[in-house]
Amino acid sequence: LQGLGYFKGVEVTAEPGSAQDRVVLNVTLIEESTGEISFGGGYSTSEGVIADITFKERNLMGRGQFLQMKVSGSLERLQFDINFTEPRFLDTNLAAGIDAFHKETDYSQSSGFKSRKTGAGLRLGIPLGEQTWLSTRYVLSREEVYEVEDDASSFVKEQEGVELVSTVGWTLSYDTRNIKTTPTRGIYLELAQDVAGLGGDVHYVRTVAEARGYYPITEKVTFVARAIAGNVMDWGGVDLRASDLFYKGGESVRGFDNSGFGPRDSQTGAALGGTMFAAATAEVRFPIPLVPEELGVSGAVFADAGTLFEVSDRIAELGKTGSLTVQDDTLIRSSVGGSLIWNSPMGPLRADLAYVLSSAVYDDE
């Protein structure tokens, strides 16, 4: 009942039933508002100034349906999203949803191009157990690479134009976390795969696996571990595009710039992206001494490590011809640091200060 997000209080009491082997459970609920309009703003080291406006209804017309409309953006990104979910599709235990989106991203600083993506998708969620969930999806989108700069890599220049992308995918998740937003105990496991090429112009298979664990060292101190890895490969004789590859930076190993590590063109300094990545984090979260607990402020210390490597076949070919000077290795990038976390009335806010321990000479910190 608490997981539904419709109630701010749930109390269950028991009393004797009509026989010795029966009991009556009385459930007292305190409802809360399920509709909200939120405005957010801030600063991210990966995107600069960021802002968003979101309308969300978690119990549309009292039917348990979810509707969200969101506009978000930064100096490098503008995005529109509409999402609708029916949790009891055809009066069954299936969750069905529909999504529509439009996204414009400026990769001029990191790779020398801009991209535009518009599309829609269908989702179907299937419960496999009390803590196991299978989600399937289909997405059809129109994707465009434009305003490619003169000093962009020859590989990026090949990407300019419009393509139709048809993708089918699935995600299998297992979740035992005690509190979804700020867990202190439990694990979360996820395996996701997307296949493009059932129609459209693009062919790839992308697979990502992630594991997170939360262990209470004491009542108020929590150890957090996270590991994630991914691979993308082409199929059907169609080369991978720049936008199909992985780009990694501070979101994986703190202390690096956006797309700050991984394969790079030494002539232009542009990030080329990689087909394989892995990253891991170990973190200890704790209350800050002398700070009242009701303020929701806590601290953390962390260690990050990760790598991104193996360029696509097309990039490797261009490297052999001399069109690109490819820098690519499996070096492990790592950092350590501290964090300040605030569960503010506007939502969770976090500031990280990292010190890079290992990097390649061509990385951007």
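All heavy atoms count here, side chains included; hydrogens, waters and symmetry mates do not. Quick caveat, the model's predicted, so the values are computed rather than measured.
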S.K.: For E76, is there any backbone N or O sitting under 3.5 Å from a side-chain donor or acceptor partner on S74?
M.R.: yes

S.K.: Between I37 and L60, is there a shared hydrophobic cluster once you connect ILVMFWY residues whose side-chain heavy atoms come closer than 4.5 Å?
M.R.: yes

S.K.: In terms of side-chain geometry, is the basic nitrogen of R116 or E144 positioned less than 4.0 Å from the acidic oxygen of its partner?
M.R.: yes

S.K.: Does any N or O in the side chain of Q159 come within less than 3.5 Å of the main-chain N or O of A242, such that one atom is a donor and the other an acceptor?
M.R.: yes

S.K.: With no hydrogens and no angle check, is any side-chain donor or acceptor of W342 less than 3.5 Å from a backbone partner on L295?
M.R.: yes

S.K.: Could you go through the side chain to side chain donor-acceptor pair (under 3.5 Å) check for S339 and R285 one step at a time?
M.R.: CA-CA 9 Å; S339 308; R285 299 175 183 174; over 6 Å; no

S.K.: Ion pair present between D352 and R350, side-chain N to carboxylate O less than 4.0 angstrom?
M.R.: yes

S.K.: Distance only, no hydrogens: is a donor on one side chain within 3.5 Å (strictly under) of an acceptor on the other, for D239 and Y204?
M.R.: no

S.K.: Set out, in order, the CA-CA distance, both residues' side-chain angles and the distance that settles side chain to side chain donor-acceptor pair (under 3.5 Å) for Q131 and T176, then state yes or no.
M.R.: CA-CA 6 Å; Q131 298 163 325; T176 65; 5.5 Å; no

S.K.: When you look at CG of L353, are more than 12 heavy atoms from neighbouring residues, nucleotides or ligands closer to it than 6.0 Å?
M.R.: no

S.K.: Would you check if the side chain of R333 reaches a backbone N or O of L331 as a donor-acceptor pair within less than 3.5 Å?
M.R.: yes

S.K.: May I ask you to check whether F246 and F277 place their ring centers less than 6.0 Å from one another?
M.R.: yes

S.K.: Once rounded to the nearest 0.5 Å, what's the spacing between atom CZ of F84 and atom CZ of F66?
M.R.: 10.5 Å

S.K.: Is a donor on one side and an acceptor on the other found under 3.5 Å between the side chain of D257 and the backbone of E365?
M.R.: no

S.K.: With no hydrogens and no angle check, do the side chains of S173 and D175 hold a donor and an acceptor under 3.5 Å apart?
M.R.: no

S.K.: With a 4.5 Å cut-off on side-chain heavy-atom distances among I, L, V, M, F, W and Y, is there a chain of contacts connecting V10 to L25?
M.R.: yes

S.K.: Determine whether more than 12 heavy atoms belonging to other residues, nucleotides or ligands lie under 6.0 Å from atom CD of E130.
M.R.: no

S.K.: Look at atom OH of Y146 and say whether more than 12 heavy atoms of other residues, nucleotides or ligands are closer to it than 6.0 Å.
M.R.: yes

S.K.: Hey, are D234 and R314 close enough for a salt bridge, meaning a charged N less than 4.0 Å from a carboxylate O?
M.R.: no

S.K.: Would L240 end up clustered with V156 when hydrophobic side chains under 4.5 Å apart are linked, directly or stepwise?
M.R.: no

S.K.: Salt bridge check, E104 against K117: does any charged N sit closer than 4.0 Å to a carboxylate O?
M.R.: no

S.K.: Using a 6.0 Å cut-off, check whether atom CG of N26 has over 12 heavy atoms from anything other than its own residue.
M.R.: yes

S.K.: In this structure, are over 12 heavy atoms from other groups packed under 6.0 Å from Y138 atom OH?
M.R.: yes

S.K.: Step by step, work out the side chain to side chain donor-acceptor pair (under 3.5 Å) result for E143 and S141.
M.R.: CA-CA 6 Å; E143 301 185 10; S141 62; 3.1 Å; yes

S.K.: Checking one residue: I179. Which other hydrophobic residues are in its cluster under the side-chain 4.5 Å linking rule?
M.R.: none

S.K.: Got a salt bridge between D304 and R254, using NZ or NE/NH1/NH2 to carboxylate O under 4.0 Å?
M.R.: yes

S.K.: So Q79 and D81, side chain to side chain donor-acceptor pair (under 3.5 Å) or not? Walk me through it.
M.R.: CA-CA 7 Å; Q79 187 167 346; D81 292 280; 3.0 Å; yes

S.K.: Using the rule that two of Ile, Leu, Val, Met, Phe, Trp, Tyr join whenever any of their side-chain heavy atoms come within less than 4.5 Å, decide whether I228 and L308 are in one cluster.
M.R.: yes

S.K.: Can you name the one residue among V326, D265, L324 that meets side-chain contact (heavy atoms from CB on, under 4.5 Å) with L318?
M.R.: L324

S.K.: So, for P287 and V221, which heavy atoms are closest and what is the spacing to 0.1 Å?
M.R.: CD-CG2, 4.3 Å

S.K.: What's the spacing between T34 OG1 and Y6 OH if we round to 0.5 Å?
M.R.: 8.0 Å

S.K.: Looking at R88, I'd like to know if its CZ atom is crowded, meaning that more than 12 non-hydrogen atoms belonging to other residues, nucleotides or ligands lie closer than 6.0 Å.
M.R.: yes

S.K.: Main chain of A225, side chain of Y215: is a donor-acceptor contact present, judged purely on distance under 3.5 Å?
M.R.: no

S.K.: Is R226 salt-bridged to E190, going by a charged N under 4.0 Å from an acidic O?
M.R.: no

S.K.: Apply the side-chain hydrogen bond (donor to acceptor under 3.5 Å, both in side chains) test between T85 and each candidate in R123, Q68, Q65; give the one that qualifies.
M.R.: R123

S.K.: Got a donor-acceptor contact below 3.5 angstrom from the S358 side chain to the I332 backbone?
M.R.: yes

S.K.: Is there a path of hydrophobic side-chain contacts, each under 4.5 Å between heavy atoms of I/L/V/M/F/W/Y residues, joining L124 to L122?
M.R.: no

S.K.: With a 3.5 Å distance limit and no angle check, can you tell me whether E36 reaches the backbone of S38 through a side-chain donor-acceptor pair?
M.R.: no

S.K.: Between the side chains of R264 and D363, is the shortest nitrogen-to-carboxylate-oxygen separation below 4.0 Å, so that they form an ion pair?
M.R.: no

S.K.: Would you give the length of the straight line joining atom CD of E317 to atom OG of S323, rounded to the nearest 0.5 angstrom?
M.R.: 10.5 Å

S.K.: Tell me if the CD atom of E293 is crowded by more than 12 foreign heavy atoms within 6.0 Å.
M.R.: no

S.K.: For R206, does its backbone N or O pair with a side-chain atom of D194 as donor and acceptor, under 3.5 Å?
M.R.: no

S.K.: Would you please classify the geometry between the H102 ring and the F80 ring as parallel, tilted or perpendicular, with 30° and 60° separating the classes?
M.R.: tilted

S.K.: Is a donor on one side and an acceptor on the other found under 3.5 Å between the side chain of N83 and the backbone of G97?
M.R.: no

